[in-house]
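Notes follow the structure.
This structure is a prediction, so every number in the text was calculated from the model and none was measured. The first residue of the sequence shown is numbered 1, and numbering continues consecutively from there.
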Amino acid sequence: MNAVITGLYAALLAGLFLILSARVITYRRSNSISLGDGGDGVLLARVRAQGNFVEYAPFGLLLMLIAEAQGTAPFWLHLCGAQLLIGRVLHGVNFSFGIRNVVLRFGGMVLTLAGLGLGAVLCLPG
């Protein structure tokens with residue numbers, strides 16, 4: 001099986017995950033917080049951005065991989081991957097970068113859920 005499209009989005013999402021993780025790690029080190037959030041709101045937001053990413057992105061990629069293995073047309077795979085990627089970027093920026101913006105948060109979740117929903121539909125036998 002050749003999963004070129006899923007591989008592309010997996011690589012891009014991995015890059016985003018590395019950025020979100022680095023922001024948590026550097027903040028922990030610079031503020032000497034080794035476990036938990038130490039009651040620090042900035043760290044809590046960064047940890048949740050990273051954690052929320054981990055809660056959604058892998059499942060979206062799994063759905064894409066199954067759909068790609070079933071021979072789904074590239075257009076639909078790219079649409080699913082783009083929704084997932086853009087959704088995770090918007091959501092991550094909202095929390096990890098301290099830009100409290102309801103449009104980023106809401107838009108990020110809507111796009112993420114749209115990507116998951118599309119991925120689920122693409123996996124249905126047809």
Side-chain angles (χ1 to χ4, degrees):
M1 178 185 88
N2 192 354
V4 174
I5 296 171
T6 301
L8 169 66
Y9 289 97
L12 294 172
L13 286 163
L16 177 57
F17 181 69
L18 290 172
I19 292 167
L20 295 174
S21 296
R23 292 184 57 75
V24 171
I25 293 165
T26 56
Y27 193 87
R28 283 186 183 284
R29 293 188 80 184
S30 67
N31 292 279
S32 301
I33 305 171
S34 64
L35 187 61
D37 60 32
D40 186 308
V42 172
L43 179 57
L44 176 60
R46 290 182 184 193
V47 166
R48 284 310 310 140
Q50 180 192 37
N52 193 275
F53 179 95
V54 171
E55 293 164 2
Y56 287 95
F59 191 51
L61 287 169
L62 176 62
L63 291 170
M64 284 183 65
L65 183 62
I66 293 167
E68 191 164 8
Q70 292 175 341
T72 298
F75 170 81
W76 295 109
L77 293 167
H78 281 295
L79 180 60
C80 182
Q83 288 174 327
L84 185 63
L85 177 63
I86 295 167
R88 293 295 78 207
V89 167
L90 293 177
H91 197 270
V93 164
N94 180 69
F95 284 100
S96 185
F97 290 83
I99 303 170
R100 298 292 187 268
N101 182 312
V102 70
V103 173
L104 290 177
R105 182 178 185 180
F106 181 76
M109 283 311 302
V110 166
L111 283 171
T112 297
L113 294 175
L116 289 173
L118 178 58
V121 169
L122 295 175
C123 288
L124 293 172

Can you hop from [X] to [Y] via hydrophobic side chains spaced under 4.5 Å?
X: Tyr27; Y: Phe97; result: no
X: Leu61; Y: Val54; result: yes
X: Leu84; Y: Leu77; result: yes

Side-chain touch [X]/[Y], heavy atoms, less than 4.5 angstrom:
X: Arg88; Y: Met109; answer: yes
X: Leu116; Y: Leu63; answer: yes
X: Val47; Y: Arg28; answer: yes

From Leu118 CG over to Leu113 CG, what is the distance, rounded to the nearest 0.5 angstrom?
12.5 Å
To the nearest 0.5 Å, what is the distance between CG on Leu111 and CD1 on Ile86?
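These two atoms lie 6.5 Å from each other.
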List the atom pairs, donor and acceptor, that lie under 3.5 Å between side-chain atoms in residues 3-20 and the rest of the protein, sequence neighbours left out.
from : atom 1 : to    : atom 2 : distance (Å)
Thr6 : OG1    : Met64 : O      : 3.4
Thr6 : OG1    : Glu68 : OE1    : 2.6
Tyr9 : OH     : His78 : O      : 3.4
Tyr9 : OH     : His78 : ND1    : 3.0

Passing option when Ser96 is tested against Arg23, Arg46, Arg48 for side-chain hydrogen bond (donor to acceptor under 3.5 Å, both in side chains)
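It is Arg23; the other options fail the test.
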So does Ile33 get a backbone contact from the side chain of Asn31, meaning a donor-acceptor N/O pair under 3.5 Å?
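The answer is no, because no donor-acceptor pair under 3.5 Å joins these two groups.
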Sequence neighbours left out, what pairs pass salt bridge (Lys or Arg N to Asp or Glu O under 4.0 Å) with at least one residue falling in residues 95-122?
none
